[in-house]
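Working notes, beginning with the structure itself.
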Amino acid sequence: MILYPAIDLKDGNAVRLYKGEMDQATVFNDNPAAQALEFVNAGCEWLHLVDLNGAFAGEPVNAAPVEEILKQCKVPAQLGGGIRDMATIERWLSKGLQRVILGTVAVENPDLVREAARAFPGHVAVGIDARNGMVATKGWAEETNVNVTDLAKSFEDAGVSAIIYTDINRDGAMQGPNVEATAALGNAVSIPVIASGGVSSLDDLRALKSCGAPLNGAISGRALYDGAIDLGEALKVLRG
C-alpha cells in the first residue's frame with residue numbers, strides 16, 4: 001500500500017479542514033512547496049494535492065502553489081479540486097502532474113471522465129466523497145442521491161486508474177477511517193481504491209492494510225502535520 005501525504009490548499013496555504021467545513025480550516029504551512037518537500041525528504045512516494053478553493057469555484061484557484069510543488073518535488077502527485085473540463089485536465093498533465101482526480105464531474109458529467117481516461121490512460125482517477133454512503137459534490141457542499149458503490153461501479157469499464165474514497169464525516173476529525181465502508185467498496189470494484197478521511201494513527205493504517213480488500217493506499221493529512229503519525233513509521237507499516 002502507498003501512503004499519500006495530503007496537502008490541501010486554501011488561499012495559497014497548506015491547511016486541513018474539519019469534516020470538510022471551509023470555515024474550520026487550520027493553516028499548517030504558508031509555504032506548501034516546502035511542506036511537500038518535507039514529506040518527500042521523509043521518504044514518501046506520492047503526494048495528494050487538493051485545491052479547496054477550486055473545488056468550490058469549479059476551476060483551478062491555487063494553481064501557483066501546485067505548480068511550485070510540481071517544480072520542486074520529484075515524486076508523482078495527484079490533484080483534485082476544480083478540474084471539470086478537458087482543457088484543464090490537459091493543462092495539468094502537461095505541467096507534470098501524474099494524475100488528475102475528477103470528483104464533481106464524475107456525477108454531473110461522467111462522459112468527461114470516460115473521455116479523459118481514454119485520452120490519458122493511467123492519469124485519471126475518480127474522487128468519491130461521501131456522507132452516510134451518499135455522494136457529495138462541489139467541495140462537499142452539495143448532497144446527491146447517488147450511492148457510492150453505484151457510482152464506482154459505473155466506471156468499471158472506463159479505464160480510470162484509481163478511486164479515492166473519502167468519508168467526509170471522518171475527514172480531519174482524527175477519529176479513524178471508515179474501514180468497513182472502504183473495504184466494502186474495495187471488494188465491490190476492480191478499480192484500485194485509495195482510502196481517505198480520518199487516518200490518524202499507525203493502527204488505522206494497519207486496519208486498512210488488513211481489512212480484507214485490495215486497497216491501493218491511504219491518504220493522511222492532519223495526523224502527519226500534528227505528529228500523530230510518523231511518516232517513516234507509516235511507510236514501514238504499509239510496505240511491510
Side-chain angles (χ1 to χ4, degrees), residues 1 3-10 14-28 48-56 78 80-82 101-108 125-153 162-189 191-213 215-226 228-229 234:
M1 282 176 68
L3 181 70
Y4 296 81
I7 298 179
D8 290 359
L9 299 160
K10 179 177 185 278
V15 307
R16 291 304 290 164
L17 304 185
Y18 178 73
K19 295 187 178 181
E21 299 294 334
M22 281 290 268
D23 60 357
Q24 295 197 51
T26 303
V27 176
F28 280 101
H48 174 77
L49 314 176
V50 182
D51 182 348
L52 293 170
N53 303 102
F56 283 89
Q78 59 187 21
I101 304 167
L102 305 181
T104 296
V105 293
V107 176
E108 298 184 350
V126 170
I128 300 182
D129 306 325
R131 281 192 186 93
N132 308 315
M134 307 306 281
V135 178
T137 60
K138 295 179 179 168
W140 303 349
E142 294 196 10
E143 307 279 335
T144 73
N145 58 1
V146 180
N147 175 274
V148 167
T149 306
D150 291 344
L151 181 63
K153 283 185 170 176
I163 288 173
I164 290 109
Y165 171 64
T166 303
D167 186 310
I168 297 167
N169 289 331
R170 306 293 183 103
D171 193 74
M174 299 290 282
Q175 295 169 353
N178 191 333
V179 177
E180 192 178 331
T182 306
L185 181 61
N187 285 320
V189 294
I191 305 165
V193 171
I194 299 169
S196 174
V199 175
S200 53
S201 70
L202 294 178
D203 282 343
D204 289 341
L205 294 175
R206 291 186 186 101
L208 288 167
K209 189 172 169 61
S210 60
C211 72
L215 302 182
N216 165 273
I219 293 165
S220 184
R222 180 178 286 274
L224 292 173
Y225 293 104
D226 283 348
I229 292 179

Return the [atom1] to [atom2] distance between [X] and [Y], rounded to the nearest 0.5 Å.
| X | Y | atom1 | atom2 | value |
| --- | --- | --- | --- | --- |
| D51 | I101 | CG | CD1 | 11.5 Å |
| D167 | I128 | CG | CD1 | 13.0 Å |
| R16 | I7 | CZ | CD1 | 10.0 Å |
| L185 | I163 | CG | CD1 | 5.5 Å |
| I194 | T166 | CD1 | OG1 | 10.0 Å |
| E108 | T144 | CD | OG1 | 9.5 Å |

Least distance between heavy atoms, [X] atom then [Y] atom:
| X | Y | value |
| --- | --- | --- |
| I229 | S201 | CD1-N, 3.5 Å |
| R170 | G197 | CB-O, 3.6 Å |
| G217 | Y4 | CA-CE1, 4.2 Å |
| H48 | I164 | CE1-CG2, 4.4 Å |
| D204 | G176 | OD2-CA, 3.5 Å |
| A152 | I191 | O-CD1, 3.9 Å |

Identify which one of [options] satisfies the side-chain contact (heavy atoms from CB on, under 4.5 Å) criterion when paired with [X].
| X | options | result |
| --- | --- | --- |
| Y165 | V148, L215, V189 | V148 |
| F28 | V15, D226, D8 | D226 |
| T104 | T137, V135, D129 | T137 |

Could you tell me if the side chain of [Y] sits less than 4.5 Å from the side chain of [X], heavy atoms only?
| X | Y | result |
| --- | --- | --- |
| K10 | V27 | no |
| C211 | T182 | no |
| K19 | R131 | no |

- Query: Would you say S200's side chain and A223's backbone share a donor-acceptor pair under 3.5 angstrom?
  - Reply: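 No: the side chain of S200 does not pair with the backbone of A223.
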- Query: Sub-3.5 Å donor-acceptor pair from the side chain of S196 to the main-chain atoms of I219, do we have one?
  - Reply: no
- Step by step, would you call N169 with N132 a side-chain contact (heavy atoms from CB on, under 4.5 Å)? CA-CA 8 Å; N169 289 331; N132 308 315; 3.6 Å; yes
- Could you tell me whether K153 and D150 make a salt bridge, using a distance below 4.0 angstrom between a side-chain N and a carboxylate O? no
- Go through the steps for L9 and N53 under the test side-chain contact (heavy atoms from CB on, under 4.5 Å), then give the verdict. CA-CA 7 Å; L9 299 160; N53 303 102; 5.9 Å; no
